Amino acid sequence: MTTDGSLTAPQDPAHDPADDPAREPAAGHDQAPASTPIVAVALDGAGWHPAAWREPGARPEALTDAAYWVGLTQLAEAGLVDLVTFEDSFGIPVGPWDDPAADRTDRVRVRLDAELVAARVAPTTRHVGLVPVVTVTHTEPFHVAKALATLDHTSRGRAGWQVRASPSGTEARLTGRRDLPEITQEDYTSGRADEQVAERFAEAAAVVDAVRALWDSWEDDAEIRDVATRRFIDRDKVHRVDVETPWFSVRGPSITPRPPQGQPVVTALAHATVPYELAARSADVVFVTPQDDATAASILAEVRAAEERVGRTGEPLRVVADLAVVLDTNGRAGAERLARLDARAGSAAGSGWVTDARVLAGSAADVADVVEAWTALGYDGVRLRPAVLPDDLEALVTDVLPELRRRGLARTAYDAGSLRGLLRLPTDVPSRFAVV
Amino acid sequence: MSTPTGTPRKQIILGAYLGGVNHHTLWHLPESGSQIDFSTFEHTARTAERGRFDFFFLAEGLALRERDGQVFDQDIVGRPDTFTVLASLAAVTEHLGLAATINATFNEPYELARQIVSLDHLSGGRAAWNVVTSFDAFTGANFRRGGFLDRSQRYERAAETIEVVRSLWDSWAAEDLVIDKEAGVFSRSGAGSFAHAGPQFDVGGWFGVPRAPQGHPVILQAGVSPQGRDFAAANSDAIFSPYGRFDEARAYYQDVKARAAGFGRDPDHLKILPSASFVLGATEKEAQDKARWVREEQVTGRTAQILLEQIWNRDLSAYDPDGPLPDVEPALDAPSFIAGRALTHADRPATVARLRAQAEANGWSLRQTAVEEFTRGSFVGTPTRVADALDDFVQDDGSDGFVIGSYLVPTGLDEFVDDVVPLLQERGSLRTEYTGTTLRDNLGLPTPARAGDAAVARAV
């Protein structure tokens with residue numbers, strides 16, 4: 001951190017088209033010889049711990065400043081992470097089972113639109129993948145498709161998307177277009193909410209299908225600029241999608257030409273069977289939340305089973321384990337930092353920070369041990385959720401990533417010009433409408 | 001000129017318009033660049049900022065235009081998502097306002113308010129929203145809501161959309177963000193709470209974006225019909241007008257400013273900005289020749305047929321572009337032959353009669369008629385003549401400024417900034433450095449009072 005609180009990282013604000021690898025026509029040939037696990041970083045507010053904003057290094061007043069997000073993303077890029085996710089929700093940020101209607105004055109309750117944060121950051125970075133959470137339940141699939149396609153254009157092939165379904169009645173109230181009952185943790189555990197949750201995930205899958213179809217609605221070479229006939233496009237290469245679902249219909253084509261990656265990377269966070277199936281059906285990457293080695297193994301098996309059930313073909317789903325980290329940093333042990341955070345968050349005695357992902361308080365070596373173990377189980381990588389920003393992100397970059405590299409578990413250079421390339425996904429993705 | 005010596009000159013407001021889907025952009029020229037690469041937007045925005053423009057403006061279209069059921073292929077086709085491009089442009093500019101045309105029909109107020117205010121934060125107070133409405137089922141086919149909205153309801157929905165959006169922007173007071181780390185108070189109780197029940201929207205909950213740097217992002221509109229003029233005069237900070245000729249522009253200016261005063265507003269707080277194009281030359285003759293060439297290139301024979309099909313509402317491809325106007329009458333009751341394009345000629349028979357009279361009087365062919373009807377070289381001449389004309393237009397209250405577009409993307413604005421802007425600055429009619437930090441500052445607009453300060457009882 002500099003004295004003015006901004007984060008330091010290599011400044012590289014301008015793209016030079018001449019040496020921008022995303023512009024090379026080498027689609028399909030830019031994969032590195034050796035493959036290391038995917039290392040992603042999940043950014044959310046002042047960090048994932050509810051009391052993160054109260055830490056001395058936190059800058060809660062800057063959560064709505066562009067410089068804050070630019071600094072964090074450039075820092076992650078300096079650490080050579082594959083992608084950064086930007087957390088979002090349709091409503092205000094709340095913890096997994098916090099009452100969304102509660103008027104909590106002790107929690108961060110502001111959040112900018114994540115897709116716009118990613119767009120703001122795009123020209124200030126050049127390698128790292130930019131993956132905003134975008135909710136699909138109340139938004140327009142057409143808008144979502146063109147926004148992410150455009151992010152892919154402005155980032156030159158680095159756009160991804162974390163799909164989020166919202167079964168919450170509170171969020172439905174924000175548009176007033178639907179009446180959805182509120183769901184409590186009890187409703188989930190008792191199964192009372194099963195039908196509603198399943199319906200919302202079915203809708204989410206339909207939205208992803210529609211968005212993917214819209215991305216394909218312009219073939220790669222639709223723009224011809226044929227001066228002789230004065231035809232700007234070959235209209236036989238621009239297609240209606242005519243998606244019909246119980247929840248919406250989209251005619252198409254998109255107004256936005258095909259994104260540079262063809263299909264930007266689709267990801268989803270999943271904790272249970274229904275979302276595993278959504279991911280298996282629709283996504284390229286799934287983020288899951290094992291608590292230990294045993295659940296890590298069983299979740300992986302469940303995901304593979306979900307792939308079988310939905311009849312996934314082609315590229316297997318990349319399975320990435322989420323891990324919340326409170327690291328040894330600033331001369332304090334992770335455990336000590338976590339205890340202080342928990343005390344400030346007002347957790348009941350004996351119950352520390354419980355979140356959907358495993359919480360690891362410890363050293364860089366502790367994190368590397370987990371990555372090593374889970375990679376050995378067959379995971380494609382890990383998404384680290386810094387408990388406190390920027391403290392734990394700085395520790396990730398200065399301590400954890402070097403340790404991972406020492407063990408051969410993280411990349412040593414950006415070796416692909418697109419996010420798909422970084423994730424070893426096929427980079428030559430023809431439109432479904434293309435006549436081969 | 002009418003401005004007395006010694007009186008400060010009106011400052012010309014300039015917006016830069018990047019030609020999206022249209023027949024104006026000469027995409028076939030070798031120096032024409034991509035319509036979608038970020039470098040195109042970046043170049044234009046940086047150029048505008050170099051010229052001390054107030055804002056960069058993007059239009060919107062939510063469906064690819066079609067002719068007889070087929071996507072247009074003669075003109076520029078395809079455009080990006082507006083918010084996304086503007087957020088990226090915020091990274092490569094410092095002062096330039098970022099104006100998004102966003103439809104009030106196919107977006108929900110909560111989401112719109114959130115995106116616009118996010119852009120305002122991410123740009124440090126440079127966001128503007130150009131509110132447009134739509135009602136057609138063709139565009140609606142791309143959206144959840146579909147084409148349900150009756151044409152008569154579109155202003156009703158738009159007005160209520162703006163009302164809800166403003167109430168969301170007002171749901172946070174600046175002081176609601178407490179951020180006391182020691183006491184553990186992030187925000188004041190009640191911050192972000194909102195509820196609205198009206199004919200179009202019944203919504204409520206919590207809004208999660210604190211007060212915008214501009215208080216309210218700038219609101220832009222266009223309004224031509226009496227209803228549209230009232231709507232814009234009541235609701236907007238600036239109006240885009242289609243009137244490029246001085247007399248009609250001044251009449252519009254006076255009318256709309258009077259309407260604003262009638263709504264109890266200071267007319268100076270409503271800026272009128274006609275769209276304008278320009279063609280420059282080293283001599284008057286060179287400029288005029290070039291302007292003629294540009295117009296001819298914009299309207300090929302095929303494009304002329306298609307442009308007139310918008311009026312005739314039927315297939316005119318069989319009519320010789322170099323021959324007379326079609327001898328058939330416009331199809332009034334048929335479905336739209338051209339879909340997805342704003343209707344600019346509501347009274348088709350009257351328009352056809354007018355065009356026939358003009359063509360006959362001037363000996364125009366079909367193509368020449370289309371050139372005259374659909375292209376306008378607003379400001380043509382040497383840089384000095386163009387600077388004079390722009391300046392006089394504003395000083396004599398034809399407008400408060402212009403939204404300027406070029407026939408060449410992305411470098412067309414360069415010569416305007418290099419050759420005309422310094423002359424306007426010499427005249428004292430255009431800033432040489434940005435003075436304000438927000439778009440509102442630069443436009444000379446006040447920060448709106450927060451409705452919630454007086455009207456909303458907060459739960460404590």
Side-chain angles (χ1 to χ4, degrees), chain A residues 13 17 53-54 60-61 64-66 91-93 103 105-113 115-117 119-120 122-124 138-140 142-143 146-147 149-151 153-154 156 170 173-177 218 223 225 227 230-235 238 248-253 255-257 344, chain B residues 27-28 36-39 42 61-64 70-71 73-81 83-85 87-88 90-92 106 108 110-111 114-115 118-119 121-124 141-144 177 179 181 184-192 201-206 208-210 300 302 459:
Chain A
W53 69 274
R54 298 180 65 184
E61 73 290 346
T64 53
D65 292 351
I92 59 164
D103 187 12
T105 61
D106 63 335
R107 297 284 176 87
V108 167
R109 48 190 300 143
V110 303
R111 191 180 257 161
L112 299 183
D113 183 280
E115 199 272 330
L116 293 184
V117 171
R120 175 62 182 78
T124 70
H138 305 287
T139 47
E140 294 282 0
F142 191 84
H143 289 321
K146 70 183 164 59
T150 301
L151 180 64
H153 282 289
T154 71
R156 297 181 161 99
T170 306
R173 237 337 248 145
L174 300 172
T175 62
R177 210 152 68 174
W218 288 58
E223 184 181 316
R225 295 200 181 215
V227 176
R230 283 285 187 108
R231 286 187 308 143
F232 183 78
I233 57 162
D234 177 351
R235 63 181 167 212
V238 177
F248 62 88
S249 58
V250 177
R251 181 182 188 268
I255 57 167
T256 306
R344 288 199 129 178
Chain B
W27 56 260
H28 63 288
I36 192 70
D37 277 357
F38 183 61
S39 59
E42 181 174 0
L62 293 174
L64 293 189
Q70 287 200 298
V71 173
D73 62 0
Q74 294 281 308
D75 305 342
I76 293 282
V77 182
R79 55 173 119 215
D81 176 72
F83 281 129
T84 305
V85 164
S88 290
V92 296
F106 299 114
E108 298 302 320
Y110 175 85
E111 197 184 0
R114 187 166 188 263
Q115 288 171 310
S118 290
L119 180 63
H121 280 287
L122 290 169
S123 63
N142 282 332
F143 296 97
R144 288 179 187 259
L177 214 49
I179 309 196
K181 286 185 182 179
V185 180
F186 182 83
S187 57
R188 292 207 313 195
S189 175
F201 304 105
D202 182 0
V203 295
W206 299 90
V209 191
T300 61
R302 182 80 193 102

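Heavy atoms only: backbone and side chains are in, while hydrogens, waters and symmetry mates are out. Please read all numbers here as calculations on a predicted model, not as lab measurements. All chains are named by letter (A, B, ...) in the order of the sequence lines, taking the proteins before the strands, and each is independently numbered beginning at 1.
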### Task
Please flag which part of B:Ser187 lies under 4.5 Å from any non-hydrogen atom of chain A: side chain, backbone, both or neither.
both
### Query
Does a donor on one side chain sit under 3.5 Å from an acceptor on the other, for B:Thr84 and A:Glu115?
yes
### Query
Between A:Asp234 and B:Asp73, does a side chain to side chain contact (heavy atoms under 4.5 Å, CB included) hold up when you go through it step by step?
CA-CA 7 Å; A:Asp234 177 351; B:Asp73 62 0; over 6 Å; no
[atom1]/[X] to [atom2]/[Y] distance, rounded to the nearest 0.5 angstrom?
X: A:Asp65; Y: B:His121; atom1: CG; atom2: NE2; value: 8.5 Å
X: A:Ile233; Y: B:Ile76; atom1: CD1; atom2: CD1; value: 10.5 Å
X: A:Arg109; Y: B:Phe186; atom1: CZ; atom2: CZ; value: 9.5 Å

Which one, [options], leads in non-hydrogen pairs under 4.5 Å with chain A?
options: B:Gly124, B:Gly184, B:Gly78; answer: B:Gly184
options: B:Gly205, B:Ser123, B:Ala87; answer: B:Ala87
options: B:Ala63, B:Pro80, B:Ser88; answer: B:Ser88
options: B:Pro210, B:Gly204, B:Gly61; answer: B:Gly204
options: B:Leu119, B:Val185, B:Val209, B:Leu177; answer: B:Val185
options: B:Val71, B:Val77, B:Thr300; answer: B:Val77

Provide the closest heavy-atom pair for [X] versus [Y] in the form atom of the first, atom of the second, distance.
X: B:Gly190; Y: A:Asp103; value: N-OD2, 2.9 Å
X: A:Arg177; Y: B:Arg144; value: NH2-CD, 3.1 Å
X: A:Phe232; Y: B:Asp75; value: CB-O, 3.1 Å
X: B:Asn142; Y: A:Gly252; value: OD1-N, 2.7 Å
X: A:Ile255; Y: B:Leu62; value: CG2-C, 3.7 Å
X: A:Gly176; Y: B:Val203; value: N-CG1, 3.8 Å

### Task
Apply side chain to side chain contact (heavy atoms under 4.5 Å, CB included) to A:Thr256 and list each qualifying residue two or more places apart in sequence or on a separate chain.
A:Lys146, A:Ala149, A:Thr150, A:His153, A:Ser254, B:Ile36
### Message
Holding to side chain to side chain contact (heavy atoms under 4.5 Å, CB included), I want the full list of residues that pass it with A:Arg111, two or more places apart in sequence or in another chain.
### Response
A:Asp44, A:Glu87, A:Asp88, A:Ser89, A:Pro93, B:Arg114
### Query
What do the steps show when you test A:Arg173 against B:Asp202 for salt bridge (charged side-chain N to carboxylate O under 4.0 Å, His left out), and what is the final call?
CA-CA 8 Å; A:Arg173 237 337 248 145; B:Asp202 182 0; 3.4 Å; yes
Check whether any side-chain heavy atom of [X] lies under 4.5 Å from a side-chain heavy atom of [Y], and answer yes or no.
X: A:Asp113; Y: B:Phe83; answer: no
X: A:Thr175; Y: B:Glu111; answer: no
X: A:Trp218; Y: B:Leu64; answer: yes

### Message
Test side chain to side chain contact (heavy atoms under 4.5 Å, CB included) on B:Gln115 and A:Leu116; report intermediate values, then the result.
### Response
CA-CA 8 Å; B:Gln115 288 171 310; A:Leu116 293 184; 4.1 Å; yes
### Task
Show your reasoning for whether side chain to side chain contact (heavy atoms under 4.5 Å, CB included) applies to A:Leu174 and B:Trp206.
CA-CA 8 Å; A:Leu174 300 172; B:Trp206 299 90; 5.8 Å; no
### Task
Determine the option with the most heavy-atom pairs under 4.5 angstrom with chain B, choosing from A:Val238, A:Ile92, A:Val110, A:Thr139.
A:Val110
### Task
Count the heavy-atom pairs under 4.5 Å between each of A:Ala66, A:Ala147, A:Pro253, A:Ser249 and chain B, then report the option with the highest count.
A:Ala147
### Query
Given that the side chain runs from C-beta out, which part of A:Glu61 has a heavy atom under 4.5 Å from chain B: side chain, backbone, both or neither?
both
### Message
Can a donor-acceptor pair be found, under 3.5 Å and without considering hydrogens, that links the side chain of A:Arg230 to the backbone of B:Gln74?
### Response
no
### Task
Using the side chain to side chain contact (heavy atoms under 4.5 Å, CB included) rule, take B:Trp27 and A:Arg225 through it: C-alpha gap first, then chi angles, then the decisive distance, then the call.
CA-CA 8 Å; B:Trp27 56 260; A:Arg225 295 200 181 215; 3.9 Å; yes
### Query
Below 6.0 angstrom between ring centroids: does that apply to B:Phe143 and A:His143?
yes
